[in-house]
Amino acid sequence: MNDAPTAAKERVLTGDTPTGSLHLGHYVGSIENRLAMQEAYECYFFVANLHALTTRAKDKEGIRADTIHIVKDWVACGIDPKKATLFIHSEVPAIAELTWYFAMLLGYGRLMKNPTIKDEIRVKGLGEEYSFGFLMYPVGQIADVLAFRPSFVPVGEDQVPHIEMTREVARRFNQYYCDVAGSVDDKDHEEAGGVFPVPEAKIGRVARLTGIDGTQKMSKSLNNAIYLNDPPKVVKKKCNKIFTGRGSMDDPPVLKGNTVLEYLDAFVEDREKLAELRAAYEKSEIGDGHLKKEAGEAINAKLEPLQERRTKISDDDVIDILKDGTRRANSTAEETLARAKEAASFGFFKREISFK
Ligand code: AMP
């Protein structure tokens, strides 16, 4: 069991939704930042299993299996449960309760203008068929973040509109209930008596990794992802399919918006070799096939040690990690909830719940 993290460190919060295994987009968009930040910050990373219900309500076994997969991926990537608090969303009730308060601070029109929501409805083909809960999830996400009063939220670019709404709600709560003046700078909200900091998005080294289709964001739901647990042969096969933007092999190489170049840039560690490959490609001395092979090798070199570590983590290890982390997460989130309720004049007495 871990010691509670020291209170002096600034906090970081982020999570992943169990709608599939993690892919390279998650890695460069958010996980790398988590690895760097777990050393110096009080980090909370969670599996957003409640959010998975937005598109997967009938698939209870799938959500559960992916919850376990994701924690294995995190630990395999180097996220250390002794340094960071890893927890499961559905066992932190303060988040659901805060969602109610925050839902009242956000206009419906404002929510529907969020470009990520519009994008998801379009890309996932939800049409008019999305649940009421689907629209609740961005509000829930605000509560996920603010329950931990973090300074930073490491995310990919697609999450920026959500973080912007989170910042708006934090300001509004502090202004309505904690007498923080509208003129107070975002960075000074807590000092001015606000319950919530106004958190900042921390965007990854690659803000938006493109999928192998060469057009859309790499995503679990678009069948264009290379997963962290894809075997080397599968990675090679997927890399061979990368769309490079070239209509026919007689056309000149595409140098802008070419996904194979994007992957090489993201995963080839030897920067001299990368420059040589680029130069040879520009002069058509090598073609798409050569670059795809190099991309596959660079990605496999990155994934191999991670996959090796993953085999050593059992399902029982994951449950132990989540149980321990969730206990600590609840302690922080309950403290936030009590402070928020007190500020909003809902703090009548200390809650006691008992059941047999
Ligand atoms: P999700 O799987 O949608 O819960 O995303 C988990 C985290 O990974 C979020 O911070 C996303 O912004 C980030 N992410 C997901 N896909 C990508 C991508 N293709 N490029 C960069 N970041 C991504």
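Start at 1 and go down the list; that is how both ligands and their atoms are numbered.
- If you number the atoms of ligand 1 from 1 as listed, the ones under 4.0 Å from a heavy atom of Gln159 come out as 9 (C), 10 (O), 11 (C), 12 (O).
- Neither the backbone nor the side chain of His51 comes within 4.0 Å of ligand 1, counting heavy atoms alone.
- From the protein, the heavy atom lying nearest to atom 23 (C) of ligand 1 is Gly25 O, 3.5 Å.
- Any N or O atom pair closer than 3.5 Å counts here, and Val206 shares no such pair with ligand 1.
- Checked by distance only, ligand 1 and Glu157 stay at 3.5 Å or farther apart across all their nitrogen or oxygen atoms.
- Within 6.0 Å of atom CD in Glu304, 12 or fewer heavy atoms from other residues, nucleotides or ligands are found, so the atom counts as exposed in its surroundings.
- Distance from atom 20 (N) of ligand 1 to its nearest protein heavy atom, with residue and atom name: Leu209 N, 2.9 Å.
- For atom 10 (O) of ligand 1, a protein heavy-atom neighbour is present inside the 4.0 Å cut-off.
- Atoms of ligand 1 lying under 4.0 Å from any heavy atom of Asp16, numbered from 1 in the order shown and given with element: 4 (O), 6 (C), 7 (C).
- Scanning all protein heavy atoms for the shortest distance to atom 13 (C) of ligand 1 gives Gly156 N, 3.9 Å.
- Considering both main-chain and side-chain atoms, Val155 never comes within under 3.5 Å of ligand 1 through any nitrogen or oxygen pair.
- For a threshold of 3.5 Å applied to N or O pairs, the pair formed by His26 and ligand 1 contains at least one separation below that value.
- Near Gly29, with a cut-off below 4.0 Å to any heavy atom, the atoms of ligand 1 are 21 (C), 22 (N).
- Listed by number with element, the atoms of ligand 1 under 4.0 Å from a non-hydrogen atom of Thr17 are 4 (O).
- Proximity to Arg208 (heavy-atom distance under 4.0 Å) selects the following atoms of ligand 1: 20 (N), 21 (C).
- Contacts between Ala207 and ligand 1 below 4.0 angstrom, taking non-hydrogen atoms only, involve the backbone exclusively.
- At under 3.5 Å, not a single nitrogen or oxygen of Thr14, backbone or side chain, sits near a nitrogen or oxygen of ligand 1.
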(request) Evaluate the side-chain contact (heavy atoms from CB on, under 4.5 Å) criterion for residues Ile142 and Leu106: first the C-alpha distance (whole Å), next the side-chain angles of each, then the deciding distance (0.1 Å), finally the verdict. (result) CA-CA 10 Å; Ile142 293 170; Leu106 197 67; 4.0 Å; yes
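- Side-chain atoms of Arg172 come within 3.5 Å of backbone atoms of Leu105 as a donor-acceptor pair (strictly under, hydrogens ignored).
- The shortest distance between side-chain heavy atoms of Val153 and Val12 does not fall below 4.5 Å.
- The aromatic rings of Tyr130 and Phe134 sit tilted relative to each other, their planes meeting at an angle between 30° and 60°.
- Residues Asp73 and Tyr27 bring no donor and acceptor atom of their side chains to less than 3.5 Å of each other.
- At least one heavy atom of Gly15 sits less than 4.0 Å from an atom of ligand 1.
- The distance from ligand 1 to the heavy atoms of Lys217 drops below 4.0 Å at these ligand atoms: 18 (C), 19 (N).
- Using a 4.0 Å cut-off between heavy atoms, Met218 contacts ligand 1 through both its backbone and its side chain.
- Within the 3.5 Å criterion, the main-chain N or O of Phe148 finds a donor-acceptor partner in the side chain of Arg11.
- Residues Thr259 and Ile212 fail the side-chain proximity criterion, which asks for heavy atoms closer than 4.5 Å.
- For atom 16 (N) of ligand 1, the nearest protein heavy atom (residue, atom name, distance) is His23 CE1, 3.5 Å.
- Using a 4.0 Å cut-off between charged nitrogen and carboxylate oxygen, Asp317 and Lys312 do not count as a salt-bridge pair.
- Per-residue contacts place Lys220 under 4.0 angstrom from the following atoms of ligand 1 (heavy atoms of the residue considered): 2 (O).
- Using bins of under 30°, 30° to 60° and over 60° for the plane-to-plane angle, the ring pair Tyr137/His162 lands in the perpendicular bin.
- The shortest N or O to N or O distance between Asp158 and ligand 1 is under 3.5 Å.
- Taking each heavy atom of Asp66 and Gly20 in turn, the nearest pair found is OD2-N, 3.1 Å.
- Ring to ring, Phe173 and Tyr101 are not that close: their centroids are 6.0 angstrom or more apart.
- Counting heavy atoms from C-beta outward, Val268 and Glu294 have side chains that stay 4.5 Å or more apart.
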